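Data block below; observations after.
Predicted, not measured: the structure shown is a model, and the values here were computed from it.
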Number of protein chains: 2
Amino acid sequence: MAKSERQPTINDVARVAGVSKKTVSRVINRSPLLKADTREKVEAAIRELAYVPNPQARALALRRNFLIGLLHDNPNAQTVLNVQEGVLDAIRDTDFALVVRPVDRHSPRMLDDIRDFLEKQRLFGVLILPPVSENDALAALCRELGCGYVRMGSAQLDQGENLVMSNDRDAVGRAVDYLVEQGHQRIGLICGPDGFRSALERREGFKAAMKRHGLDVPAEMIAEGSYTFESGIAAAERLLAASPRPTAIFASNDEMAAGALHVARREGMAVPDDLSLVGFDDSPIAAHIWPPMTTVRWPIRAMAKAAAMKLIDPLEAGAQPSQFLSDLVERSSVARIEGA
Amino acid sequence: MAKSERQPTINDVARVAGVSKKTVSRVINRSPLLKADTREKVEAAIRELAYVPNPQARALALRRNFLIGLLHDNPNAQTVLNVQEGVLDAIRDTDFALVVRPVDRHSPRMLDDIRDFLEKQRLFGVLILPPVSENDALAALCRELGCGYVRMGSAQLDQGENLVMSNDRDAVGRAVDYLVEQGHQRIGLICGPDGFRSALERREGFKAAMKRHGLDVPAEMIAEGSYTFESGIAAAERLLAASPRPTAIFASNDEMAAGALHVARREGMAVPDDLSLVGFDDSPIAAHIWPPMTTVRWPIRAMAKAAAMKLIDPLEAGAQPSQFLSDLVERSSVARIEGA
DNA sequence: TTGTACGCGTTATCAC
DNA sequence: GTGATAACGCGTACAA
């Protein structure tokens with residue numbers, strides 16, 4: 001009776017089923033070498049007692065737990081949440097759980113903090129989001145601590161088993177192609193901050209595509225932001241102060257594109273008639289502002305799912321794609337213009 | 001030498017320090033009855049070996065782990081992320097970690113899924129966000145499983161130790177006061193979906209405030225949405241089809257307010273000159289659309305922090321406030337109008 | 001004030 | 001195929 005207070009253990013199951021606890025353990029872990037009727041007996045006992053294995057004890061015995069960590073420095077709320085959903089997609093119906101760990105990439109103690117965290121929690125593995133995923137010292141730390149890791153990024157940051165990447169360079173190229181098809185030639189770029197690999201990839205993708213079309217990218221047609229709405233405002237102000245003005249602006253993320261829209265409106269310019277705009281990310285804001293914004297959609301959730309599956313089952317890693325393609329979602333922030 | 005492969009254990013520390021492992025355990029757990037030099041000796045050994053206690057073993061011995069869970073079914077990414085930050089604020093420098101668990105409140109299996117999850121992970125406790133926090137059966141489940149819980153909500157859903165609440169009724173009342181001060185009398189309401197406690201609270205707060213001002217709320221001045229941008233569009237269309245039109249609309253969240261803005265623009269109405277708008281949540285979209293939107297700011301991060309602290313240290317719960325006040329953040333979506 | 005012996009619930013080893 | 005028995009690393013009676 002006293003037993004009814006606590007959760008049933010493997011011993012209780014063994015007793016009820018009339019077998020040893022090792023046999024119960026075998027049933028739980030799906031050992032193939034078991035007689036069918038033994039297995040059924042045990043499973044009946046498990047059901048009867050509503051037995052659930054204790055993950056702490058498992059973790060202790062196996063010397064690894066079933067927690068996968070998400071290391072991120074909030075690139076943007078929707079992205080982080082999409083990643084969480086993707087990871088959940090991967091670990092649904094497994095024993096894994098997701099633990100989140102925001103970090104501060106500007107803190108000098110970041111690596112030490114993460115070291116503490118990893119040593120303490122002894123995670124099964126971690127998923128690292130950009131921009132922290134671009135930190136090679138962090139990847140080295142994971143290796144040193146024997147903690148599995150997968151980095152998400154916009155370029156070839158690591159070897160395949162530790163990486164899931166998008167091809168931002170290519171995606172931006174296609175956005176530029178689209179703008180050019182619509183007749184734009186003087187196109188401004190609001191790029192992301194120096195030090196972000198994604199910013200670099202998107203900027204280079206932009207330049208390469210422009211060059212491919214034989215178009216010029218003078219210095220005053222590039223302004224740097226920091227991926228925030230406010231920085232998008234400042235960058236757009238610089239771009240729109242140029243003469244002649246750009247007829248279109250590509251912003252390296254939607255927040256900054258929204259900032260540019262803000263400025264255009266304030267300056268009395270109509271979007272898209274006086275100024276076309278393309279963003280990047282397809283975050284909710286892109287669809288919810290006016291006019292709805294054309295942007296590049298990044299398959300972040302699928303990427304996160306693939307990354308988590310690589311972590312959980314590295315042997316199947318080959319089956320998981322390492323590169324994901326983005327696509328352009330056309331809305332209403334781009335207008336066709338007649339050649340200058 | 002073989003030892004150098006594995007993490008040092010409490011036994012290693014004891015050996016190096018020349019004490020028993022119980023003494024080391026006492027040092028770790030800050031037992032007060034220890035001689036100072038013993039403590040120092042042990043601490044030196046800990047540093048020397050870079051010893052970190054194994055949380056799995058602790059969890060097993062203590063029969064509870066150091067994981068706190070976040071249960072949510074939230075359409076708003078920023079809210080969820082703010083909550084995560086708040087929880088992190090609370091558990092910083094503790095051994096706790098945060099595990100997230102999105103749920104689907106429309107799934108008939110939701111409770112079973114959560115039961116599996118809680119039985120499996122044996123969390124220290126869970127934090128439950130609205131709207132799932134309004135599910136009493138879920139709270140009962142937590143009690144049944146002996147899992148600590150704190151619900152976040154907009155009303156008195158539970159007893160103090162299991163609840164952190166905002167006062168939405170009051171907050172909406174103050175938003176209405178503000179609108180009335182600006183001369184508005186015909187004010188429309190876009191309320192949230194039936195079944196959400198927050199929707200109810202905000203709707204009742206609206207009605208009560210209007211009544212207090214002696215203002216009428218005819219049926220055509222209330223439209224229901226589902227907290228999404230698109231539903232805000234549909235609701236605003238209904239409101240704006242009435243005659244006379246409202247001069248102001250209060251929407252129960254920012255997404256729907258953004259939808260209303262969308263409709264106004266499409267109908268050729270200027271905001272705020274032809275139509276004033278007030279939202280709720282102060283999500284990023286409120287500040288990033290044009291015009292920047294006046295809205296009610298909900299101190300979600302502080303609430304989440306308080307909730308997590310209640311979970312971690314219920315004894316100190318009395319010190320943690322259970323009710324948080326929202327405030328109005330004035331931006332540019334409300335204009336003063338002359339009396340009709 | 002400190003140490004010994006054992007329990008926590010699981011998996012692994014190796015016999016049978 | 002199955003079962004004793006020993007890990008896994010830490011906390012706690014209870015003894016010293």
(message) Treating primed atoms plus P, OP1 and OP2 as sugar-phosphate and everything else as base, which nucleotides of nucleotides 10-16 of chain D get B, S or - for protein heavy atoms under 4.0 Å?
(response) BBB----
(message) How many whole angstroms separate atom CD of B:Q56 from atom C1' of C:dC8?
(response) 14 Å
(request) Give, ordered by number, those residues of residues 31-50 of chain A having at least one heavy-atom distance below 4.0 Å to an atom of DNA chain C; if nothing qualifies, reply none. (result) none
(message) Looking only at the side chains, is there a donor atom on one of B:K310 and B:S322 sitting less than 3.5 Å from an acceptor on the other?
(response) yes
(message) Under a 4.0 Å threshold between the charged nitrogen and the carboxylate oxygen, would B:D73 count as salt-bridged to B:R105?
(response) yes
(request) Five pairs at each end of the helix from C:dT1-D:dA16 to C:dC16-D:dG1: take the axis at both ends and give me the angle between them to 10°. (result) 30°
(request) Assess whether atom CZ of A:R143 is packed by more than 12 heavy atoms of other residues, nucleotides or ligands within 6.0 Å. (result) yes
(request) For A:N65 and D:dC8, give me the distance from atom CG to atom C1', rounded to whole Å. (result) 14 Å
(request) Could you pull out the closest heavy-atom pair between B:Q78 and A:A77, with the gap in Å? (result) OE1-CB, 3.2 Å
(message) What is the distance, to the nearest angstrom, from the CG atom on B:D12 to the C1' atom on D:dC8?
(response) 13 Å
(message) On the nucleotide D:dT2, are OP1 or OP2 found under 4.0 Å from the side-chain N or O atoms that A:T23 carries?
(response) no
(message) Using whole Å, what does the distance between atom P of nucleotide C:dT10 and atom CZ of A:F66 come to?
(response) 13 Å
(message) Can you give me the closest heavy-atom contact between B:Q56 and A:L60, atom names plus distance?
(response) CB-N, 4.1 Å
(message) Checking A:D95 now: which residues fulfil salt bridge (Lys or Arg N to Asp or Glu O under 4.0 Å) with it, not counting sequence neighbours?
(response) A:R58, B:K120
(message) Just the rounded figure in Å: distance from C1' of C:dG7 to CZ of B:R63.
(response) 8 Å
(message) Under the salt bridge (Lys or Arg N to Asp or Glu O under 4.0 Å) definition, can you give me all pairs with a residue in residues 123-138 of chain B, not counting sequence neighbours?
(response) B:D136-B:R151
(message) For a quick test of reading the model, state the closest non-hydrogen atom pair linking B:C147 to B:L118 and the distance between them.
(response) SG-CD2, 4.1 Å
(message) If the condition is salt bridge (Lys or Arg N to Asp or Glu O under 4.0 Å), which residues does B:R63 pass it with, not counting sequence neighbours?
(response) none
(request) Would you mind reporting whether A:Q84 and A:L98 have side-chain heavy atoms less than 4.5 Å apart? (result) yes
(request) Mind running side-chain contact (heavy atoms from CB on, under 4.5 Å) on A:Q121 and A:V99 for me, showing each step along the way? (result) CA-CA 10 Å; A:Q121 300 299 334; A:V99 354; 5.8 Å; no
